[in-house]
Amino acid sequence: MKLRIKYTKTGVLRFIGHLDIMRLFQKAIRRAKLDVAYSKGFSPHQIISFAAPMPLGMTSEGEYFDGDFVSVTSTEDMMNRLNDTMPEGVKVLDIVELEEGAKPSMSVVSASDYYIYKNDECTNDYLQQLIDSLADFMTQEKIEIMKKTKSKEEMSDIKPGIYKLENKDDGIYMLLASGSVLNLKPELVIEALCKYSGLVYNRYDYMVHRLETYMGERNNLQSLITAGKRF
Amino acid sequence: MTKLALPERILMNIDKPARYIGNEVNIVKKDLSNIDLRIAMCFPDVYEIGMSYLGLQILYDMFNKREDTYCERVFSPWPDLDKIMREEDIKLFTLETQSPIMDMDMLGITIQYEMCYTNILQILDLSGMPLYAKERTKGMPIVIGGGPCTVNPEPIADFFDLFYLGEGETSYDELLELIKVYKSTDMDKEAFLKQASKVPGIYVPSMYIVDYNQDGTVKEITTKYDDIPKTIKRQVVTDFSQVTYPLAPVVPYIKATQDRVVLEIMRGCIRGCRFCQAGMIYRPTRQKDVEMLKNYARAMLDNTGYEEISLSSLSSSDYESLDELLTYLISLRDEDHVNVSLPSLRIDAFSLDVMSKVQDIKKSSLTFAAEAGTQRLRNVINKGITEEDILNGSREAFIGGWDKVKLYFMLGLPTETDKDLLGIAELAEKISEVYFDVVPKEKRNGRVMINASASYFVPKPFTPFQWAPMILPDEFTRRAYYVKDSFMQQKNKKSLKFTYHDAYISILEGVLARGDRRLSKTIYDVYKKGAIFDAWTEYFDMDRYKDTFAENNVDIEFYTARERETTEVLPWDHLDAGVSKNFLIKEWEKAKNETVTPNCRMNCAGCGSAVYGGGVCFEAKN
């Protein structure tokens, strides 16, 4: 049975990298005694896969992974068992059973939205300046920024990946392309905003919080959790 | 949620910030308002190394079982953070509550290897306390050292208030009660230290005065007051199956070196290899009950979620219920996908069967710790393995499908000659010949590989070789080349490989292992010049050490290359590790005569450890 699990990653757990979060769940599944499926061979591993890697420093209330289970109980029971063994900062929000033939979360992710804000940890005072520049910023025909990949650096137009960019409360709300087709990191948008306002960009000047991960077309985005049903 | 000691801008700019945030699964949380004693337990190396060390988890669990005590953890900040903390004057903190170390009542530092000595100073320095114990006043944490290096802690004696000699499970309660009194009354530090020196196993270096002879050797070690114990006896757990054990160890987020459940099955070793300090100082050999270990294994796997388990002991093949325990663990593998990480086992039909169940034969290799190339030299060091054992074990394994063998050797052992060096290459050659002998051509996939590697012999206190000279660096290099050349002369040289290491770290280890108190100043100076993480080759700088030794008029060879008379007063003569000096002298003589001593189960050698009243010394009599 294929399940999709939605969880949060908040607080000090933002300093735990993506691979380590995977390891955390592998251990939690064992502690919770869930009947997960294993691969064959000399070092069997759990058959689970994560939707979208999450960079160090980011918090989220919309993370996902899929897992194959040999047997299941109920959404509520499995959530409780996992949450009873989780450290502070990770909380399972929902578990659904995927329909037969549902595509893995990793391959269907198409967008994510984020909230950018300041807290006591952040020392800058320029966030308001960025908020004030949002409207003008989006009138640009192209938004070019140096994009680094493992092998090269190149100028890239990130505007096609920005679906929404607006002020919300004391911070910035952004809906960005995410996944294998087009992927835009929120850090890059902030960097471009800083550049536009002539400010020096520092990653640690603000907090980034993922709100939700979506699948589907840009004009019809749906939460990843809608691919299945509670049980 | 915990408020972190380091701000966002620092955590986002250093490698692996998860090293410094705590909050792991199974950490102990306590309400500080109910706590009388705060302890920080430190492993003076990076988090991933320190968290892999079983002793720290044992003490953490044991201290926290006391209701009035809160024990937290601290490790060495990696050089990237070290630099920032110095620049910004950020004080070192505990992981659990992210509190300054200076707020603790006791700082316990486990000392596992000599190369961490500068990291100990880093810990004290970043905490904001004076490095020398005599400059630390009441109100600052009591700094106590434990672990194997405390059998001769003299080179770092000036930095510690106390040392705990032996196994932590025995005497700590008495010391903690004394610290509570010290803290809550007007007892001054000197009075506290004097009191502490009377607790079994507690060594207070400032209560002992060392005088030296003209030639630099120790003249005598006397006590500062008349009522201070003349010798300090290592503390040992006797009822080993009843001893406290952490069934829910802390599980790191980042991958630690030991990323698995570690089950201690036995302490001590019956073998008595003469170079091996652990085999001497952890006597008597004590085993845990196999039924209890099965329960522990289940509980620890359930409490941590680890997918792998390994056994901890000095020589697992000597654990008497090993077959039963491994059979149980393999059953867990089948029903619950638990990987069993095998310790190095004596190669026989049983161990090969076990190995074939849990390892991919094509990828795994057999390991033989031969240590020396000839039977003569193996007799000198009392290493029980024979050439026949190795060749028969290899034969069995080759028939079973293995085609990789690892061999471990030491260079520079007492009485070693070129003939012994040549023996290393010849042994490797013989193993490869066995392969070609027993594996028919059509069954050979790829090439058989015999990988031999050599480290350098470092004489350690409380071993029969504590009087032995260490050879000089150039001679180490010559011997390594000689072995390398001998490998090239062998018929099957394409199947043989020999690797060796740089000798300098071993030389420094040699100085520190058998050093005296006068070395504290050199360690202080070399630290002030920037030495930390000396156990990491990328940070170790031998020239910096050489210069600092020279500035302090310390002759390295006085400590390493000199054969010491058995009548010489040794810097650790006021410490008693359990094995008697008479026994060590007898063993040193037998080594020179190339005579072996049977293991503890075959025949009691009268080492002196029977006074502890437990373990192998009494097994036959039960």
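Just so it is clear: chains get the letters A, B, ... in the order the sequence lines come, proteins before strands, and each one is counted from 1.
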Given that the side chain runs from C-beta out, which part of B/Ile254 has a heavy atom under 4.5 Å from chain A: side chain, backbone, both or neither? both
Testing the basics here: between A/Pro87 and B/Asn23, what is the closest heavy-atom pair and its distance to 0.1 Å? CB-O, 3.8 Å
Engaged part of A/Met207 at the chain B interface, taking heavy atoms whose separation is under 4.5 Å: side chain
Determine, for B/Asp302 against A/Lys33, whether the closest basic-nitrogen to carboxylate-oxygen distance falls under 4.0 angstrom. yes
Between A/Leu56 and B/Lys16, does the side chain to side chain contact (heavy atoms under 4.5 Å, CB included) criterion hold? Intermediate values first, please. CA-CA 10 Å; A/Leu56 216 61; B/Lys16 298 192 184 154; over 6 Å; no
Please give me the minimum heavy-atom distance between A/Arg30 and B/Glu307, naming the atom from each residue. CD-CG, 3.3 Å
Where does B/Val251 contact chain A at under 4.5 Å (heavy atoms): side chain, backbone, both or neither? side chain
Which answer fits B/Asn303, side chain, backbone, both or neither, if we ask what part of it has an atom under 4.5 Å from a heavy atom of chain A? backbone
Are there more than 12 heavy atoms of other residues, nucleotides or ligands under 6.0 Å from atom NZ of A/Lys185? no
Using a strict 4.0 Å threshold on nitrogen-to-oxygen distance, state whether A/Lys27 and B/Asp259 make a salt bridge. yes
Chain A interface, residue from B/Val358, B/Leu4, B/Ile27 that has the most non-hydrogen pairs under 4.5 Å: B/Leu4
Check this for me: does any side-chain nitrogen of one of B/Glu8 and A/Arg14 sit under 4.0 Å from a carboxylate oxygen of the other? yes
Tell me if the NZ atom of A/Lys91 is crowded by more than 12 foreign heavy atoms within 6.0 Å. no
B/Asp334 CG: over 12 foreign heavy atoms closer than 6.0 Å: yes
Residues, nucleotides or ligands: over 12 heavy atoms within 6.0 Å of B/Lys255 NZ: no
Top of B/Thr304, B/Asp336, B/Asn339 for chain A proximity - count of heavy-atom pairs under 4.5 angstrom: B/Thr304
Structural part of B/Glu308 lying under 4.5 Å from a heavy atom of chain A: neither
Please indicate whether A/Lys9 has more than 12 foreign heavy atoms, meaning atoms of other residues, nucleotides or ligands, lying under 6.0 Å from its NZ. yes
Euclidean distance, A/Arg31 CZ relative to B/Asn26 CG, rounded to 0.5 Å: 7.0 Å
Can you confirm whether A/Glu100 is buried at CD, in the sense that more than 12 heavy atoms of other residues, nucleotides or ligands lie under 6.0 Å from that atom? no
To the nearest 0.5 angstrom, please state how far the OH atom of A/Tyr204 sits from the CZ atom of B/Arg9. 7.5 Å
Apply side chain to side chain contact (heavy atoms under 4.5 Å, CB included) to A/Leu13 and B/Tyr253, showing your working. CA-CA 9 Å; A/Leu13 272 279; B/Tyr253 291 117; 3.8 Å; yes
Roughly how far, to the nearest 0.5 Å, is the CZ atom of A/Phe15 from the CD1 atom of B/Ile21? 7.0 Å
Any chance CD of A/Gln128 has more than 12 other-residue heavy atoms, nucleotides or ligands included, within less than 6.0 Å? yes
Checking A/Leu24 against chain B: side chain, backbone, both or neither under 4.5 Å from a heavy atom? side chain
Does NZ belonging to B/Lys404 count more than 12 external heavy atoms closer than 6.0 Å? yes
